[in-house]
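Data block below; observations after.
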Amino acid sequence: MTRETFRSALLMWYASNKRDLPWRKTCDPYFIWVSEVILQQTRVSQGLAYYKRFIRQYPDVRTLASSSSDALMKIWEGLGYYRRARNMRTAAIRVMEDFQGKVPFRYEELLTLKGIGPYTAAAIASIAGGEPVAVVDGNVYRVLSRMFGITAPKSSSTGQKQVNKLAARMIDPRRPGDYNQAIMELGALICTPRNPSCETCPFTGYCYARAHGLVKQLPVREIKPKVPVRYFHYFILSYHDRLIIRQRTRKGIWHLLYDFPLIERAEEISIKNLLNSGVPEQFPGMNPYPDRISGIISHKLTHLHIRARFYHFDLRHPDQPLPENHLLISRKEIKKYPFPQMIVKYLNEISLNNHR
DNA sequence: AAACCGGGGGT
DNA sequence: ACCCCAGGTTT
């Protein structure tokens with residue numbers, strides 16, 4: 001199959017099978033940018049609602065550049081990889097300063113912006129700028145490795161190089177934006193990781209993996225190390241309608257989001273040891289007997305499995321000095337602050353059950 | 001090159 | 001339980 005045949009068959013398939021998505025109705029590099037960053041490591045089905053809300057709140061670069069951390073994190077709440085949003089804000093400020101508020105659409109310029117790597121730069125440059133630069137994401141890697149029998153592991157540099165080269169050779173320079181979206185759409189809808197729909201694939205008769213019975217083996221996956229388990233012991237300290245939250249200002253997961261005073265251990269912990277953990281000393285008015293202890297809340301991250309337990313304590317007086325980064329807020333104010341999804345879920349559960 | 005960074009949905 | 005998603009930054 002010639003390169004030209006591949007291109008035209010792919011574009012033909014895309015024209016009649018593409019999903020109707022809001023960022024496909026525009027060539028404005030700002031909207032393309034927002035969609036691409038939201039969709040990093042995120043499925044369309046998960047990111048779509050976030051995209052709409054984000055555009056409503058930050059309709060242009062200027063509004064994004066002047067956003068506050070709390071508002072920005074609140075918009076991103078539950079989506080994960082929160083650094084994406086912070087990097088986008090950093091980049092938006094630079095666009096205002098160095099690009100007169102116009103999001104650039106040339107590949108090399110885009111690469112200089114925080115949070116924009118080879119994939120996102122190629123996506124914006126091709127879709128908004130018509131530049132013939134090929135995207136290589138998980139979909140493209142899978143489609144090309146199966147079509148052409150690339151057997152180097154996906155994580156290896158040789159695998160990356162081979163696929164990058166192949167992608168650059170295959171892209172249609174006349175319609176680079178459509179071509180890039182088409183091959184990703186094929187990967188998302190037909191050439192899926194498991195149980196691909198080879199029967200309806202336009203390339204079913206031309207696919208290396210299909211011809212050699214290797215569809216299940218390609219692309220070659222890397223072996224992943226086991227994920228460690230950590231135990232999170234949260235203190236929910238409340239005084240009538242108010243409770244103490246704290247902002248996570250140290251580097252690491254959930255940076256700049258809010259949670260509660262926390263003891264983190266490799267193991268479960270007894271109440272007695274919990275009370276000797278040092279936290280009660282920070283809150284002198286705290287009743288040492290918990291009013292309520294949650295069950296274990298299990299939460300899985302890519303590189304960490306968390307087992308959390310929430311211990312509710314009563315504060316005997318509200319006007320004690322609070323440690324750095326801690327706030328005493330009313331329950332009505334909770335929804336103004338961005339929390340990790342695990343916390344959001346727990347707070348919803350206990351409020352539904354009418355507990356404190 | 002390897003580690004880090006979230007959360008969800010499919011199988 | 002495992003896979004992986006329109007990846008990028010940091011170390």
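Naming: A, B, ... by sequence-line order, numbering from 1 per chain.
Taking CD1 of A:Ile293 as the start and CD1 of A:Ile236 as the end, the distance is 12.0 Å to the nearest 0.5 Å.
Taking atom CZ of A:Arg250 as the reference point, atom P of B:dC4 lies 15 Å away to the nearest angstrom. A:Met184 has its CE atom 9 Å from the P atom of C:dA6, to the nearest Å. Rounding to whole angstrom units, CZ of residue A:Arg89 and P of C:dG8 are separated by 21 Å. Between the P atom of B:dC4 and the CG atom of A:Asn87 lies a distance of 18 Å, rounded to the nearest Å. Distance A:Glu36 CD to C:dG7 P: 8 Å, rounded to the nearest Å. Summarising the geometry, the separation between CG on A:Leu304 and P on B:dC4 is reported as 10 Å, rounded to the nearest angstrom. Atom pair A:Leu48:CG and C:dA6:C1' shows a separation of 13 Å (rounding to whole Å applied). At whole-Å resolution of the value, CD in A:Glu185 and C1' in C:dC5 are 14 Å apart.
Comparing A:Lys251 and A:Leu39, the nucleotide of DNA chain C nearest to each residue sits closer to the 5' end for A:Leu39. Positionally, the nearest nucleotide of DNA chain C for A:Arg221 lies more toward the 5' end than for the other of A:Ile116 and A:Arg221.
For A:Trp23 and A:Tyr51, the ring centers sit closer than 6.0 Å to each other. Aromatic ring centres of A:Phe235 and A:Phe260 lie farther apart than the 6.0 Å criterion allows. Separation of the A:Phe283 and A:His317 ring centroids does not fall under the 6.0 Å cut-off. In this structure, A:Phe54 has its ring center closer than 6.0 angstrom to the ring center of A:Tyr58.
With both pairing distances under 3.5 Å, B:dG6 is matched to nothing as a Watson-Crick or G-U wobble pair.
Across all strands, A:Arg24 comes closer than 4.0 Å to base atoms (heavy-atom distances). Residue contacts shown for A:Trp23 include a base, since a base heavy atom lies under 4.0 Å away. Contact annotation for A:Thr120: backbone-only contact, meaning every heavy-atom pair under 4.0 Å involves sugar-phosphate atoms and none involves a base.
Contacts of A:Phe203 classified as ring-ring contact (aromatic ring centres under 6.0 Å, His included), with partners at least two apart in sequence or in another chain: A:Phe6.
Here A:Lys216 does not reach the OP1 or OP2 of C:dC3: none of its side-chain N or O atoms lies under 4.0 Å away.
In this structure, A:Lys336 does not pair ionically with A:Asp70, as no charged nitrogen and carboxylate oxygen lie closer than 4.0 Å.
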Where protein sits on nucleotides 6-11 of chain B, one letter per nucleotide: B base, S sugar-phosphate only, - none, heavy atoms under 4.0 Å: BBB-BS

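Taking atom P on both nucleotides, C:dT10 is separated from B:dG6 by 14 Å, rounded to a whole Å. Annotation: C:dA6 and B:dA3 have their C1' atoms spaced 23 Å apart (nearest Å).
The listed nucleotides are C:dC5, C:dA6, B:dA1; the one nearest the side chain of A:Ser157 is B:dA1.
A:His212 and A:Tyr208 have parallel rings, their planes meeting at less than 30° on a 0 to 90° scale where 60° marks the start of perpendicular.
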